[in-house]
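As the structure lists them, so they are numbered: ligands from 1, and atoms in each ligand from 1. Here the structure is a predicted model, which is why all the values come from computation and not from measurement.
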Amino acid sequence: MNNKDEFKSGFVGIIGRPNVGKSTLINSFVDEKIAITSDKPQTTRNKIRCIVNRKNAQIIFIDTPGFHKPKDPLGKYLNQAVESTFREVDAIVFVADASEIIGRGDAYIANQLKKINTPVILVLNKIDKIGKNKLKSQIEAAKERGRFTHIIPLSAKTKENIIELLDSVCTYMPAGPKYYSDDMVTDQPEALIISEFIREKVLNLTSEEVPYSVAVEINEIEARPNKDLTDVFATIYVERDSQKGILIGKGGTMLKKVGQQARFDIEKLLGNQINLQLYVKVKKNWRRDERTFQQFGYNQ
Ligand code: GDP
Ligand code: MG
C-alpha cells in the first residue's frame, strides 16, 4: 500500500457561537438526527459525537456546547468540556453565521483559537439566506478576525458544499485506524439521544427560564415481546413548581404536545412504534448542584 492509500482517521471539534448551526451541520453529515437543534442559545449540553465514513478515512466530529460566560456550576462544567475538546482534536471546524455580522462573539472564539496549534477551518454557514455579494464581503470580514487554514461557505440546511468541507477536513486527518464500524453514526447511547429528543421539544415549545431548567432522565426502554412496540418511560426535571405547571400545561396539553413530537423522532430512531410515558418532577436548583447534574449525565 502506498502512502496515498493509507487509511486516515481523526477527531474534529466543532465550535462556534450559539445558534450558528453546529448541531444542524452534525446532522447533515450523517443524514440522521442525532444532535438536537433549537433557536434558543446555549442548549447543547453534551458532546455529541458523529462518525463520518469516507473512502479511506473516518472522521469523528464532536459537537461542543458553545463557549459562554459561566452563570452557574453547570455553565462552568460546559466551558471545561469545550476547552478539553480543543486539546484532544486533530482539527477544528469553527462555524459562523454568514447571514449575520461576523462580530465580537466570533472574534472572542477566534482569539481563543489563536492560542492553540490545531488547524482551524472556518465554515460560513447559512449561505442559503444571503446573496453572492454579501458572501464575498463576509469572507473578507472573516479573514480579518483570525487565522484560518480554509474558509468554506456552506449551508447545513440545504447541504450545499458539505462535501467540500469533508474533503478539506480529510486533509488534516493523520494515518490511523477505523475506530468504529461502518454502520455506526454516533457513539452516543440510545437512551441519551432519546433524552435529548425530549429535551429538544421542551426547548422549542417553552420560553424564558423553562428551557434552561430542564433535564431529562430515561427510566426505562423496553420492547414488548412479539410486538412492534417499545415502551419508553422518562422523567422531565424542572427547578420550580411554577415551571412544572407550565410544562404540564392546561389540562396536560403542553406535556401532551412534547410527548407527541418526541415520539415522532424516537420512532424514527428506533424504527419501532413507541409508547412514551412522560413524568414531570421538581428538583430544586439542580443546575447549582454538581451531584445532581452528574446524575443527569453531565459528567464526561
Ligand atoms: P447551534 O446552536 O450552533 O447548534 O445551532 P443549531 O444547529 O441548533 O441551529 C440554530 C438555528 O439555525 C436552527 O433554527 C436551525 O434550523 C438554523 N440553521 C442551521 N443551519 C442553517 C442553514 O444552513 N440555513 C438556514 N437558513 N438555517 C439554518
Ligand atoms: Mg447545538
Grouping I, L, V, M, F, W and Y whenever their side-chain heavy atoms are under 4.5 Å apart, do [X] and [Y] come out in a common cluster?
| X | Y | value |
| --- | --- | --- |
| Ile266 | Phe264 | no |
| Tyr279 | Val282 | no |
| Phe233 | Val202 | no |

Exercise. Within the stated cut-off of 2.8 Å, is an N/O/S atom of Ser23 closer than that to the Mg ion (ligand 2)?
Worked result: yes
Contact (N/O only, under 3.5 Å) between [X] and ligand 1:
| X | result |
| --- | --- |
| Thr37 | no |
| Ala156 | yes |
| Lys157 | yes |
| Gly21 | yes |

Exercise. Heavy-atom contacts under 4.0 Å between Val95 and ligand 1: side chain, backbone, both, or neither?
Worked result: neither
Exercise. Any idea which atoms of ligand 1 are less than 4.0 Å away from a heavy-atom of Lys129?
Worked result: 26 (N)
Seminar exercise, completed: ligand 1 to Ser23, heavy atom cutoff 4.0 Å, flagged ligand atoms 4 (O), 7 (O)
Problem set entry | Side-chain donor or acceptor of Asp97 paired with backbone N/O of Asn19 under 3.5 Å | no
Exercise. Just wondering, do Glu144 and Glu140 contact through their side chains at under 4.5 Å, heavy atoms?
Worked result: no
Seminar exercise, completed: Candidates Asn19, Leu25, Asp128, Thr24; heavy atom nearest atom 24 (N) of ligand 1 found on Asp128
For this session: Scan residues 226-242 for pairs that pass side chain to side chain donor-acceptor pair (under 3.5 Å), counting only residues two or more places apart or in two chains.
Result: Ser213-Glu239, Glu217-Tyr237, Asn219-Thr235, Arg224-Asp231, Thr230-Asn272, Asp231-Asn275, Glu239-Arg287
Problem set entry | Which residues share a side-chain hydrogen bond (donor to acceptor under 3.5 Å, both in side chains) with Glu100, sequence neighbours left out | Arg17
